[in-house]
Each structure stands twice: as C-alpha cells, then as structure tokens.
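Naming: A, B, ... by sequence-line order, numbering from 1 per chain. The analysis underlying the following values was restricted to heavy atoms, covering all of them including side chains, and did not include hydrogens, waters or symmetry mates.
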Amino acid sequence: MQIYNTLSKKKEIFQPINPPVVTMYMCGPTVYNYFHIGNARSFIMADIVRRYLEFKGYQLKFVMNLTDIDDNIIKKSIEENKSTKELAEFYSNMFFEDLKNLKIKKADFYPKATDHVQEMIEVIKKLEEKGFVYVVDETVFYKVNNFENYGRLSGKNLKDLESGVRVEINEDKTNPLDFVLWKKAKENEPSWDSPWGKGRPGWHIECSAMSTKLLGESIDIHAGGIDLIFPHHENEIAQSEACFEKKFVKYWMHFGFLNFQNEKMSKSLGNFFTARDVLKRYNAEVIRLFFSQTYYGGPLNFSDELLESAKKGYEKILNLAIKIESELKIQNKSNVIPDFNLQKYYDDFSSVMDDDFNTPQAIAIIFNCIHDANKIIAGNQNIDVAFYVDLKKFLQVTAGGVLGLIHFDELMGNAKVSLENDLIQLLIKLRNSLKIEKNFLLADKIREDLNQLGIKLEDSKTGTTYKIK
RNA sequence: GGCGCUGUACCCAAGUGGCUUAAGGGGAAGGUCUGCAAAACCUUUAUUCGUCGGUUCGAAUCCGACCGGCGCCUCCA
C-alpha cells in the first residue's frame, strides 16, 4: 500500500519499520475547550487510517497526546478561577466523551504532558549537551541554525523564513525562529523544577518526549492537521533528531482543513461549531460519511446542506442494513441463492484503500455493492438467508469496521427487548389489521402520527419495518 | 514578500496520459411496484473537466501563460 508523505511530497510504498507492528502518533487536543467539528475531521480520518491498518493485519500501537499545560489553559483557568489541573481534567473528559460519540476507537495511550515533564527535561538536557540550546534568563531556546535539515518538512528554508515579517519579536532570541524548549515560570503559574529553574515545557517538546517514550526513537506514522506542519512538526523533528540522532518519523500524514463558508474553521476566527453540537443534529455515521466522501488531505466545506446530503446517503446504507437484519430474523431457507460475487467488492475496496486511503472511492464501491444487492433483492423473491449473511459480513467489515459508517449491533428493531419496541410492534399489528379491513384512513393516521414522533413505518411484502429518525 | 494547495454536472466529489465520450452521494424529471406512502428498481440529467496556447498517435490528466478560490509563514486539527 501507499501513503502520501508530507516529507517527500509523494506517495510512498508503506513499509513499517518492524512489521507487523506499526507505531502511530497523532497530535491530540489542548484541553481547554470542547473540540470543534474541524478537529473532529482529523480525529475521524486518523481513526480510519488506524482501522484500515488493523484491517490489513498490522498490529497498531496508537498514541494520542493530551496537552494539559500551555498558555491557553493558564489563561482560561484564570478566567474561570479554576486550577489548570481542574480545567484540563474537565475538558479531557469532554474530549473522551466526544470521541466516543463520534465512534472513534480508543488509542492505546493518551499521555498527558504534565505526566511527562521529567522525560521532557531529559530530552532538553541531551540537547544542551549536544550544543543545540542556549539559555536566557532561565528560559531554554532551541538553536535552529544548528540543525541542518530545519525546514525540510514544511518546504521552507531558513532564509525565506527569516524574511517572514510575522515572526513575533522576542529580544531574548538570537534568531527569531528559535523556539522555546523550557519556559521560565511567571508568578503564580504552575511550574516544575528543572536544571534551569522553575518553569514549564514549551509546546513542541512534549510530542518528542512522549512519542519516544511510548513508541521508540523512530516511529512509522505521525499524523495531525495540516496547520501543524509548521512550526510544530518541523520543531519536533529538530528536537528529536538532534537528540536521538535517528530518523524521527518515517511517514508524515496531514489532514486538510474543514472550512466554513470557504474559510478555515478555527478557534481564533470563531467560525466553528463544536463536535458535540453537530452531534446533536447528526449521528456519528453521517458525520463520518460526510468526511469520508472527500480525500483526507484536501479542504472540505462544512454546511447543513452537505450534511443533509450525507444523511441521505447514510440512510441508503441503513435501509439495506435493516432489510438484512429482518431477513436474518426470518432465516429463510430456499434454493434461491443469487450469483453475487462479493469477492470483487472486497478486492476493489482493498485496492482503493491501499492507494493512500482513498475513502471516496471506497465509499463508491460500497454504494455500488449496495445498489447491486438491492437490485437482486428487488428482482428475486424468497432469497436464501445465506445471501444476507454474506452481504452483512461485507458491510460489517468494510463500511462498519474500517469506515465506521454502520453499526449493526445498534440498529433499531434489532430484536431489542424494550418497552418502546414492544409498543411500536403493537401499533404495527393494529395498523395491519386495519389495512386488512381496508380502513386506510385510520391506518394512515397511525403511520402519520408515528412519523410525527420520529418513527417511520415502511410496508413491504415481507412485513412492516420501522426506523427511528 | 516567501512557500504551498486548488478550480470537474444544479450541489458535493473521485479520477491525474489510452480501461473514462469522466466513479460515487445528494438534487431534479419521468416510469415500475404499492390501497396510498416510504423504500427499492428502471430511464434521463458533463462529447466535457477555470481560460488560452503547447507537447503527444492520444490529455481532465504533462508543459507554459493568464484568471479565480484557499492555506501556511503567529496559537490553531
């Protein structure tokens, strides 16, 4: 399989360092806020990458960090009159809740920056020994000029960068591009002891320290949003490779922005919707389908119209899934076993996903399969249950397991023992008697009233099914 | 100023030299089925890929110019 590598700006054959193990690190959130739907795009696409690699048989070691100390957290903790720890814990919990609701699989580790300060200090000490740092008033800076590959990831060279006017002027820096490894504590700020005095780590150092600790000095995949390429990931490379003298990351993956009205959705612009708000209106599967219909690396616009269209697409998958479940309940045995070669869809799915996770094509293949299956269902009566068993398996593995677009175990009416289900079944029976009596007026009223409650009845030759909107 | 991305039907979007006179989803129009709906099925909806040139036997795909849109260079997924 191939992965587009930001470092080479090319698709490269994927060869993990120690197969079948694959080490993957994803830059997680700074926990001072609910994350927005644009952040969710990165988390979901990384989740799909991870799931697909597992589908391919790799043993993933997947780490996502939590930045629980930084300027934003300190600022907000003062505003809200809480400790930084309290604040970070609250938003960490919210983060996990949102991930769960987006049906994102758990990482193997979620290291927190504040639990790894000692590891970070060790890295900085090594950098100091190797002559990559200078200290000004208890603040430690990384000397960018001493790292020869600086700028390679972002395709910049030091000269171009220096001519950039927007770099913050800091009199303590010898070069404006030098960045902070260790920051001297101000009054009343949370701080840790270090060889340079009381302070706290700079932003970039945590990823270098924690990824090394949990995954080793060289890892296979490092992922994050496209805006992290510079300076964050550039600086991570500078730190790690100067410190350990090994290639830090083999494949760099970056996720494109989610735009709103053609503009990057971002916290600073304020043009964002939190993932949890969007989840109130659209379920995880719809959101995941929406994201998967576009290549992960490019931009994507966010709007209700587009989500509505994804929702319709999701319902197409859902309708077939419901049909499958109802057939599996009936367990029809017959000699009508259609000639339906699912292997072709499996092969196509793998081959497009192998090509740098081409989820839009993968989805096209799933929809082709759904269409072909529906065609067979429409054209044959009395199909043997074996057909549905195989079809379910295909959808479960591809649309479900890899893309997270359908969850059979959560389908409504799936023999769930609940009062709600029993009541709906009762109304369906009642309505069917009315239909036999040709009392369509009342039958339609039941259907319409249930529809008002968000319960949609659908009649078919094999009976009446319902789904909840 | 530097670096980079992008422009495909009514909307979203894949395809990046011949398999494509261009996937898939949504929308729209007509039809089948149905008591009626819904779902599903069938048919139709880009000889064309921002514009203009060039390379090639052959281009949406390569090259050049031009015109739009966006991003990074500052915290951000």
*Before giving the answer on side chain to side chain contact (heavy atoms under 4.5 Å, CB included), spell out for A/His233 and A/Cys27 the whole-Å C-alpha distance, their side-chain angles and the decisive distance to 0.1 Å.*
CA-CA 10 Å; A/His233 289 160; A/Cys27 287; 3.3 Å; yes
*Between B/C36, B/G27, B/A38, which nucleotide has the shortest distance from any of its atoms to the side chain of A/Lys456?*
B/A38
*Residue closer to the 5' end of RNA chain B, A/Arg431 versus A/Ala364 (nearest nucleotide)*: A/Ala364
*asked:* At less than 3.5 Å, do the side-chain atoms of A/Asn259 and the base atoms of B/G71 form a donor-acceptor pair?
replied: no
_Side chain of A/Ser309, heavy atoms from C-beta onward: which of B/A13, B/C72, B/G26 has the nearest atom to it?_
B/G26
*Under 4.0 Å between any heavy atoms, over every strand shown, what does A/Leu258 touch: base, sugar-phosphate, or nothing? Just pick one.*
base
*Please check the phosphate of B/A39 (OP1 and OP2 only) for any side-chain N or O of A/Lys467 closer than 4.0 Å.*
no
*Is it the case that more than 12 heavy atoms not belonging to A/Leu453 sit under 6.0 Å from its CG atom?*
yes
*First locate atom CG of A/Asp356, then atom CE of A/Met1, and finally report the distance between them rounded to the nearest 0.5 Å.*
8.0 Å
*Which nucleotide in the list B/C75, B/G69, B/A40 gets nearest to the side chain of A/Lys316?*
B/A40
*Is the distance from OP1 or OP2 of B/C12 to the nearest side-chain N or O of A/Asn301 less than 4.0 Å?*
no
*Scan A/Asn72 against the nucleic acid and name what it touches under 4.0 Å (heavy atoms): base, sugar-phosphate only, or nothing.*
sugar-phosphate
*asked:* Does A/Gly38 reach a base, just sugar-phosphate, or nothing at all? Heavy atoms under 4.0 Å.
replied: base
*Establish, with yes or no, whether the OP1 or OP2 oxygen of B/G24 is under 4.0 angstrom from a side-chain nitrogen or oxygen of A/His371.*
no
_Using a heavy-atom cut-off of 4.0 Å across all strands, would you classify A/Met45 as base, sugar-phosphate, or nothing?_
nothing
_Inter-residue atom distance A/Lys10.NZ - A/Glu12.CD, 0.5 Å rounding_ = 7.0 Å
_In dot-bracket form, 5' to 3', how is RNA chain B paired? Count Watson-Crick and G-U wobble pairs only if both distances fall under 3.5 Å, and write | where the partner sits on another strand._
((((((((.[[[..)..(.....]]]((((((.......))))))....[[[[[..)....]]]]])))))))....
_Nearest to side-chain heavy atoms of A/Phe257, which nucleotide of B/G4, B/C11, B/G71_ = B/G71
*asked:* Which nucleotide wins on minimum distance to the side chain of A/Asn319, given the candidates B/C11, B/A23, B/A40?
replied: B/A40
*asked:* So, does A/Asn262 get its side chain near the phosphate of B/C70, meaning an N or O under 4.0 Å from OP1 or OP2?
replied: no
*Hey, does A/Gly256 reach any base, or is it just sugar-phosphate, or nothing, if we go heavy atoms under 4.0 Å?*
base
*Measure from CE on A/Met353 to P on B/A14 and round the result to the nearest Å.*
14 Å
*asked:* Given the ring of A/Phe230, does A/Lys156 sit roughly above its face, with NZ or CZ under 6.0 Å from the centre of the six-membered ring and within 45° of the axis?
replied: yes
*asked:* Can you tell me which nucleotide in B/C41, B/C75, B/G24 comes closest to the side chain of A/Lys375?
replied: B/C41
*Contact class for A/Arg152 vs. all strands (heavy atom < 4.0 Å): base, sugar-phosphate, or nothing?*
nothing
*Between B/G71, B/G69, B/C72, spot the one nearest the side chain of A/Phe230, thanks.*
B/C72
*Test item: side-chain donor near acceptor, A/Glu308 and A/Tyr282, under 3.5 Å*: yes
*Does a sphere of radius 6.0 Å around NZ in A/Lys112 hold more than 12 heavy atoms from other residues, nucleotides or ligands, not counting ones at 6.0 Å or beyond?*
no
*is_close_aromatic(A/Phe109, A/Phe62), centroid dist under 6.0 Å*: no
*asked:* I want to verify a distance call: between B/A38, B/A23, B/C42, whose nearest atom is closest to the A/Glu458 side chain?
replied: B/A38
*Consider the side chain of A/Arg447, meaning its heavy atoms from C-beta on, and name the nucleotide among B/G24, B/C36, B/C41 that approaches it most closely.*
B/C36
*Could you check whether A/Phe440 and the base of B/G35 form a stacked pair, meaning centres closer than 5.5 Å and planes differing by less than 30°?*
yes
*asked:* Considering every strand and a 4.0 Å limit on heavy-atom distances, what is the contact class for A/Ser268: base, sugar-phosphate, or nothing?
replied: base
*Give A/Lys267 one of three labels, base, sugar-phosphate or nothing, depending on what nucleic acid heavy atoms sit under 4.0 Å from its own.*
sugar-phosphate
_At less than 3.5 Å, do the side-chain atoms of A/Asp227 and the base atoms of B/C75 form a donor-acceptor pair?_
no
_Contact summary for A/Leu403 and A/Ile48, nearest pair of heavy atoms_ = CD2-CG2, 3.9 Å
*Selected nucleotide, minimal atom distance to A/Lys312 side chain, candidates B/G26, B/C11, B/A23*: B/G26
*So which one's nearest nucleotide on RNA chain B is more toward 5', A/Asp459 or A/Glu305?*
A/Glu305
